[in-house]
Every structure is written in C-alpha cells, then in structure tokens.
Amino acid sequence: METLQLIQERQSARGPYDSEHQIAKDDLRQILEAGRWSPTAHNMQNFEIVVVDDKKLLSAIGEIRYPASETFIRENYRQLSFSEEELLRKKVGILGTMFPPSWRTPEAKPEASERFNPSQGKNIQTGPVLLVVVYDPGRRAPDSEGDFLGAISLGCVMENMWLMSSALGIKFHVVSSLSAGQVEKEVKSILNIPGHLRIAFSIRLGYPSSTGKYLRVRREVQDFTHHNRFGSKGID
Ligand SMILES: Cc1cc2nc3c(=O)[nH]c(=O)nc-3n(C[C@H](O)[C@H](O)[C@H](O)COP(=O)(O)O)c2cc1C
C-alpha cells in the first residue's frame, strides 16, 4: 500500500469488536515491533506496554465506574458538531452523537453511577486486546518543559502502532479515559502497574463486529500552511 494511502486510511474504530476473532500473535508482534522502532526524544524509549487479553482483567477494567470530569465535559463540548453539515463546514472536531447524551451539553453534571464512558467500558470487556502504554514521568526528556518532548515521543509510539495495525487490517481505538484520576488508579491496581508509572493512553485492538462508517474531516493543506512567514497561507 502507498504510504500516503495508508496514512489517509488509518482511522479510529470506536464500535464493539468481535470477541471471538483473536489477533494472531504474529500480527501483535508486528504492531509492537512498529512501536519499538518509534522515534523518541534522545532515543529515551520512554514507554512500557501492557498487553491485556485476559478476559477477567478486561472485564474488571470495563466495569470501572466513575463519572467523567466536569472539565472534560465542558472542553469536550467545544469540539462537538451536531450535524454532518456543521462538521463539514468546521473541518475540525467530531460529531456529538459519538458521546452519551449526558455529555452533549456544556453544563451537564455526569451521574455518579455512570461508567467513565458507558460504551467504552462495554467495548473494552469484549476485547480481544487492550494495550496499555505507560511511562515514567520521573524520566523526562532533557530540559523539556512539562516533558512536552516525552509526550510527543509517546505520540510517535501511538502512530507507529496505529499505522502498522491499519496495514494489517486490525482496527484501533485510542482510549484516553483510562489515563487520569480514579480510573487510572484502578486500572494500575488491576494490572499491577507500579505506582510511579503513569498511563499515557490505551488502545483497543480487534476486528469490528459490525461495519460502521463515519464522517472524517480535515482542514485543507492551505488552511494550516504558511509560506515563509506566518500568515502567508499556502505554498503556491
Ligand atoms: C492523543 C490522542 C488521544 C485520543 N483519545 C481518544 C479517546 O479517548 N477516545 C476516542 O474515541 N478517540 C480518541 N482519539 C482519536 C481521535 O479522536 C481521532 O484520531 C480523531 O477524531 C480523528 O479521527 P480518525 O482517527 O478516524 O482519523 C485520540 C487521538 C489521539 C491522537
């Protein structure tokens, strides 16, 4: 496959995966190999990856119940469009229908009984694989404020594995909600992740149980390209 085509066809697959359709060990190894060769600041290789395919562990993680934070709901709302026309016009952000109704208003107060994300919890449980990428915040890239360079490096790991999965026809869903607050504490406890490590992000891997197409939008190249000086849009 052409490189640009692979990049364009990589996408998020947020729906449920078929719990019976396992990921071949060889494919999993290739995805981890792609992560292994990611560029990282100072070649720090600032990541460890917990591969979770044990049904009991997946079930325990999917059962975690905590309301989404009010900050998340407020800031999430700013990225939402409420129709395909609106999203096509804005060219950035995502469709509101991807989120539970209670998250689609800026002043929503999530229910205490709610899962951190109702559909994600269920989808994690059906597996077949969840990758939990962790890092040591005590080992920052040299003189990098807020370890910004370390965070970019973790992003490179994500993208390398995403492209590899895509090339193998394996679907990929980044799950950020396991990385903060009480949810992160519980996931770390379930997976025996040492206290000093943080969860950067998690990934659901699998084969979808139903085909779900959704609208993907991007700005045009000339919308974000500045020729020589900022403000001089495009390169023509
Ligand atoms: C750092 C990062 C965190 C993300 N977190 C989530 C997440 O928690 N849940 C989710 O469904 N998608 C998550 N995504 C996926 C983005 O929403 C997605 O890439 C974007 O909407 C573009 O859609 P596409 O991946 O289909 O091109 C994340 C992506 C990145 C790079």
Side-chain angles (χ1 to χ4, degrees), residues 3-17 34-35 38-40 46-47 49 61-62 64 66-69 71-82 84 86-88 90-100 103-104 110 114-126 130-135 146-167 169-181 183-184 187 198-206 208 211-221 223-224:
T3 307
L4 188 57
Q5 189 190 347
L6 176 65
I7 290 169
Q8 288 170 335
E9 289 181 4
R10 174 221 54 79
Q11 62 176 271
S12 301
R14 300 182 175 91
Y17 296 159
S38 305
T40 54
N46 56 336
F47 58 92
I49 302 176
I61 293 170
I64 299 172
Y66 278 95
S69 79
T71 309
F72 174 84
I73 298 221
R74 197 174 52 248
E75 295 179 359
N76 179 57
Y77 180 78
R78 290 186 203 137
Q79 308 303 329
L80 300 185
S81 285
F82 293 92
E84 294 203 341
E86 186 186 353
L87 185 58
L88 282 166
K90 285 188 183 165
K91 295 193 248 177
V92 297
I94 39 189
L95 272 178
T97 44
M98 288 185 353
F99 294 96
W103 293 16
R104 291 183 216 156
E114 231 176 37
R115 279 182 175 154
F116 55 91
N117 177 328
S119 62
Q120 278 183 15
K122 229 163 150 238
N123 290 343
I124 286 170
Q125 291 181 315
T126 48
L130 182 74
L131 302 182
V132 180
V133 179
V134 303
Y135 69 103
D147 197 22
F148 191 61
L149 298 179
I152 293 173
S153 304
L154 292 164
C156 293
V157 177
M158 177 194 286
E159 182 69 349
N160 264 20
M161 294 200 293
W162 207 334
L163 290 174
M164 190 68 238
S165 303
S166 224
I170 294 171
K171 299 298 176 192
F172 196 105
H173 175 198
V174 179
V175 181
S176 301
S177 50
L178 307 183
S179 306
V183 179
E184 182 186 18
V187 176
R198 294 285 319 261
I199 297 178
F201 54 88
S202 307
I203 300 156
R204 290 173 53 232
L205 287 179
T211 49
K213 278 215 172 295
Y214 77 99
L215 178 65
R216 298 173 68 230
V217 295
R218 290 298 190 271
R219 294 176 297 161
E220 304 303 326
V221 169
D223 290 338
F224 59 80

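Just follow the structure's listing: the first ligand is 1, and inside any ligand the first atom is 1. Computed over heavy atoms, backbone and side chain alike; hydrogens, waters and symmetry mates excluded.
Among protein heavy atoms, atom 18 (C) of ligand 1 sits closest to Ser12 OG, 3.5 Å. Shortest contact from atom 13 (C) of ligand 1 to any protein heavy atom: Val174 O, 3.5 Å.
Between Tyr214 and ligand 1, at least one pair of N/O atoms sits closer than 3.5 Å.
Closest approach of Ser12 to Arg10, counting heavy atoms only: N-NH1, 4.3 Å. Minimum heavy-atom separation, Ser38 to Cys156: OG-O, 3.8 Å.
Comparing Met158, Gln8, Glu9, Arg218 by heavy-atom distance to atom 2 (C) of ligand 1, the nearest is Met158. By heavy-atom distance, the residue among Met98, Arg216, Arg14, Gln79 lying nearest atom 21 (O) of ligand 1 is Arg14.
By the 6.0 Å contact criterion, CZ on Phe82 is enclosed, its count of non-hydrogen atoms from other residues, nucleotides or ligands being greater than 12.
Inter-residue side-chain proximity for Leu205 and Leu131 is flagged as met; some heavy-atom pair is nearer than 4.5 Å. Contact annotation: the side chain of Ile152 never approaches that of Thr40 to less than 4.5 Å [non-hydrogen atoms, C-beta and beyond]. Within the 4.5 Å cutoff, side-chain heavy atoms of Tyr135 are placed close to those of Leu154.
Geometrically, Arg218 does not engage Phe224 in a cation-pi contact defined by less than 6.0 Å to the ring centre and at most 45° from the axis. For the pair Arg204 and Phe172, the cation does not sit on the ring face, since its NZ or CZ is not both under 6.0 Å from the ring centre and inside 45° of the axis.
In Ile94, the part holding a heavy atom less than 4.0 Å from any atom of ligand 1 is the side chain. Contacts of Gln11 with ligand 1, taken as heavy-atom pairs under 4.0 Å, involve both backbone and side chain. When heavy-atom distances to ligand 1 are checked against a 4.0 Å cut-off, Phe72 has no atom that comes that close, whether in backbone or side chain.
Short contacts between ligand 1 and Ser176, defined as distances under 4.0 Å to a heavy atom of the residue, involve ligand atoms 3 (C), 4 (C), 5 (N), 6 (C), 7 (C), 8 (O). Interface atoms of ligand 1 facing His173, defined by a heavy-atom separation under 4.0 Å, are 9 (N), 10 (C), 11 (O). Those atoms of ligand 1 that come under 4.0 Å of a heavy atom in Trp162, given as number and element, are 19 (O), 25 (O). Every atom of ligand 1 with a heavy atom of Gln120 under 4.0 Å away is listed here by number and element: 9 (N). Residue Val175 has at least one heavy-atom neighbour below 4.0 Å for each of these atoms of ligand 1: 8 (O).
Inspection of the Ser177 and Gln120 side chains reveals an N or O donor paired with an N or O acceptor under 3.5 Å.
For Arg10, the heavy-atom gap to ligand 1 drops under 4.0 angstrom.
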